[in-house]
Amino acid sequence: MKHCLYILVLLIVSATTMQAQHRPGSGKGSFSLSNLSSAKSDIPDSLLVADSLALNNKRITGYRLTPLLGEQYVAPMDTNTLNFGNSTLVEANSLAVGYLANIGSAAQTRIFSERQEARDFVFADPYDYYITTPENAMFYNTKIPYTEVLYTTAGGSGNKEERLKGMLTTNFGKQINIGGDIDYIYARGFYKNNGNKLLSYRLFGSYQTERYEAHAYLSNFNFVNYENGGLANDSVITHHDEYFAGGRNQDDPKAYDIRYAVKAWNRVRGKQYFLTHRYNLGFYRELEEETDTLGNPLKQFIPVSSIIHTIEYKDNRRRFVGESTALDNSYLNPDGTPRVYGLVTGVDDRTSYWNLRNTFGLSMREGFQDWVKFGLTAFITFDKRRFELPAEIPGLNYGPTGSGYDPTPTSLNFPVSQRYDEFSTYIGAEISKRLGSILTYDARGELCVVGDDIGEFRATGHLQTKFNLFNKDAIIRAEGYFKNVTPAFYTRHFHSRYFWWDNNLNMTQQIYAGAKIDLESTRTQLSAGIESIQNYVFFNKQGLPEQKSGNLQVLSARVKQDIIYRAFGWENEAAYQLSSDKDVLPLPQISVYSNIYLKFKLAKVLTIQLGANMYYNTAYYAPYYEPATQQFQVQDEVKVGNYPLINAYANFHLKQARFFVMAYNLSNKFVEPNYFSLAHYPLNPMVLKMGISVTFNN
């Protein structure tokens, strides 16, 4: 808590100091189709090039960059007056998500179409919601210094959960913007050995002129999660009174039995350096009927082509530590002996990885002449990766049952670690039409022609039209992709105390086709899609990666309907999913979100939103999170779901401050207790959450 207060005071003092500096900025008008923000409500037409005049009238504009090529597209900032409290929940990241009770813990969306392609460093995948990447990194253009501070808290002293986020950015003239952000999470946990502490920060900047544009950032994160392996007996939740009939302490969740007999924790660290820059070639065109104070005609720079370079460096490390070898009793062979690899020296698994990627591109810009109706880009990428894992010790057994206790090596001269080097070269191209609204599109493809991933191929495409319906925008969008991808490195090679594999996996093929409809006039959004996957890689019931040789299909449909009448609001969203092989890819068939509220003003300055929301999904064999691999593996022991997670809240907005009070998991008090998020991992019981967000931008 002292750290939180210190950082909070530092940010506020910095913001107050900078308010005296008024530095004008300029907004950028370019837009990209790829990797669009999920908050579509703020950008009804994702393909339209943003009006530069409108952006210049704003005090701050936030935007993101497309992968590899660094095209800019406007991304909405979190300044909504509605649903502020809900936006701070883990559940807000997806229509349906499974996680380990705490904010900042490992999480996985239950909506298959929202799952990202696995990183080579798979240990970072469970933290997708908390890691900055070139695809989700925000950049800004401000007319005045801008600061935002967010603080949330929940629970009492023994199980308190806190989060502090801050962002500060300012322009130095029209061309330069710099800033930084920080995210600190500290959760003690409601259950035994279930706490976590996450710290991440980023320094970023941009430089933009007519000829030259550059965006860069450096980021760092350090995530520590205590692991308990889940509950040893789910009856402590589902049959609470029966389980504690003997008079045990039934009011303290920290008294519940857990799988791990001793303390254990995972630490995942990472740093990233990113730079994308381009030089624009073009000409100046005189503007008709526009002159300067001396009567000379004004000129506007028209970019014709761009030379692009993007460099990205990542360095990640993972460590899994157990308090003692008593943790071995959680990993037993069928005969009851521990499944242990290597020497009996304690539980301390380590691995590291770094990746250097360079992309060079040349583009022809759309619209520099009336007859140029599309843009065209060609690029080449060089990707170098290095991994380090523990090496095999001569004479020990590395088969399915491990070496057992008291192993004796045949030689004391053995390498401590084993290094894997991989290198790949990709060529690719992109064609796009982003100007106008009647028809816009983009198509992009890349192929590995040299290296360890030779034959890897990705092709994506989007097609969109926009028209007027009942004086409101209506958008129809088609999308699809085809991928032939090498499985992530750590699904092919992994060496640790309890798991050891070296697999020869085939490439995974994915084909997807889908469509979306957005009707602003009725506040309706519809989408549907089908995906076919060959050689799908998953983690089986033993926690080992396995490849399904046959074909796997996933059918999905989704509808979102909002109803607003005066002070009354009712938001609804539902998704249907059907997996052709539920043993390999279990998914909830139906997931639902509903939010009902009243919104009104008090004394003409205080906006109040009173309401309740609910998350629900049908029961299914949800995956189990295995701490020793940090992966979600299939299981057929227990079903999770058929429980409405209900939260009652009050949100307030006063000038530049937003704050809320929420009763989280209120349904725990009147619905049959079955509030599991993943197999053997329950949600937190009913708890009071509070938070405040303040912006300084005047």
Side-chain angles (χ1 to χ4, degrees), residues 1-13 15 78-93 97 99-105 107 127 129-130 147-167 181-201 222-226 251-254 608-613 615 645-654 656-666 668-669 675 677 682-696:
M1 183 61 191
K2 292 181 180 178
H3 297 88
C4 292
L5 291 175
Y6 176 77
I7 298 172
L8 179 63
V9 171
L10 180 62
L11 285 170
I12 293 176
V13 171
D78 180 20
T79 56
N80 294 330
T81 58
L82 294 179
N83 303 321
F84 169 52
N86 192 63
S87 69
T88 66
L89 302 179
V90 178
E91 286 83 2
N93 293 295
V97 61
Y99 64 109
L100 313 186
N102 295 338
I103 186 172
S105 61
Y127 304 101
Y129 299 139
Y130 309 102
T147 301
E148 182 177 356
V149 179
L150 166 72
Y151 174 75
T152 63
T153 182
S157 59
N159 49 31
K160 182 169 288 189
E161 183 178 281
E162 298 174 287
R163 185 175 193 177
L164 177 66
K165 293 181 68 176
M167 187 273 289
D181 51 46
I182 187 171
D183 190 0
Y184 178 70
I185 297 174
Y186 183 41
R188 294 161 178 82
F190 277 78
Y191 305 99
K192 187 177 180 181
N193 298 345
N194 193 41
N196 54 268
K197 181 167 63 175
L198 284 70
L199 174 64
S200 61
Y201 61 86
N222 190 347
F223 299 162
V224 179
N225 281 79
Y226 282 91
D251 298 323
D252 183 12
K254 290 187 182 294
I608 302 176
Q609 180 191 16
L610 301 177
N613 57 47
Y615 292 90
L645 173 63
I646 299 175
N647 311 305
Y649 61 84
N651 293 319
F652 306 91
H653 179 257
L654 178 63
Q656 294 171 257
R658 296 177 295 165
F659 46 99
F660 75 92
V661 178
M662 173 183 288
Y664 175 81
N665 197 6
L666 186 61
N668 169 216
K669 297 300 182 181
Y675 48 91
S677 185
L683 292 166
N684 286 334
M686 200 280 284
V687 62
L688 189 66
K689 293 177 177 279
M690 296 179 290
I692 182 170
S693 175
V694 182
T695 59
F696 303 89

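This structure is a prediction, so every number in the text was calculated from the model and none was measured.
Residues that satisfy the side chain to side chain donor-acceptor pair (under 3.5 Å) test with Tyr127, not counting sequence neighbours, are Asn225, Gln630. Remark: Ser87 engages Asp78, Phe84 in a side chain to side chain contact (heavy atoms under 4.5 Å, CB included) (not counting sequence neighbours). For Ala650, the side chain to side chain contact (heavy atoms under 4.5 Å, CB included) partners are Leu610, Phe652, not counting sequence neighbours. Partners of Asn196 according to the side chain to side chain donor-acceptor pair (under 3.5 Å) rule, which considers only residues two or more places apart in sequence or in another chain, are Asn102. Partners of Leu82 according to the side chain to side chain contact (heavy atoms under 4.5 Å, CB included) rule, which considers only residues two or more places apart in sequence or in another chain, are Tyr597, Lys599, Gln609. Scanning for side chain to side chain contact (heavy atoms under 4.5 Å, CB included) contacts around Val687 gives Ala154, Phe190, Tyr664, Lys689, with sequence neighbours left out.
With 3.5 Å as the limit, one finds no donor-acceptor pair spanning the side chains of Tyr184 and Glu162. When only modelled atom types and interatomic distance are considered, Tyr615 and Asn86 share a side-chain donor-acceptor pair under 3.5 Å.
With Asn665 contributing its side chain and Asn684 its backbone, the two residues share a donor-acceptor pair below 3.5 Å. A donor-acceptor contact shorter than 3.5 Å links the side chain of Arg658 to the backbone of Asn80. In this structure, Lys165 contributes its side chain and Asp181 its backbone to no donor-acceptor pair below 3.5 Å. Using a distance-only test at 3.5 Å, with no hydrogens or angles considered, a donor-acceptor pair links the side chain of Asn651 to the main chain of Gly85. Checking side-chain atoms of Gln656 against main-chain N and O of Thr695 turns up a donor-acceptor pair under 3.5 Å.
Within the 4.5 Å cutoff, no side-chain heavy atoms of Asn613 are placed close to those of Leu645.
Scanning all heavy atoms of the two residues, the minimum distance from Ala612 to Tyr649 falls at N-CE2, 3.5 Å. When all heavy atoms of Leu683 and Glu91 are compared, the closest pair comes out as CD2-OE2, 3.9 Å. What you find for Ile185 and Ile103 is that their closest heavy atoms are CG2-O, 3.6 Å. Considering all non-hydrogen atoms of both residues, Lys254 and Gly189 come closest at NZ-O, 2.6 Å. Residues Gly104 and Tyr130 approach most closely at N-OH, 2.9 Å, considering heavy atoms. Considering all non-hydrogen atoms of both residues, Gly155 and Lys160 come closest at O-CE, 3.9 Å.
In the displayed structure, Lys192 atom NZ is contacted under 6.0 Å by at most 12 heavy atoms of other residues, nucleotides or ligands.
Of the candidates Asn194, Leu100, Val90, Ser105 forms a side chain to side chain contact (heavy atoms under 4.5 Å, CB included) with just one, namely Leu100.
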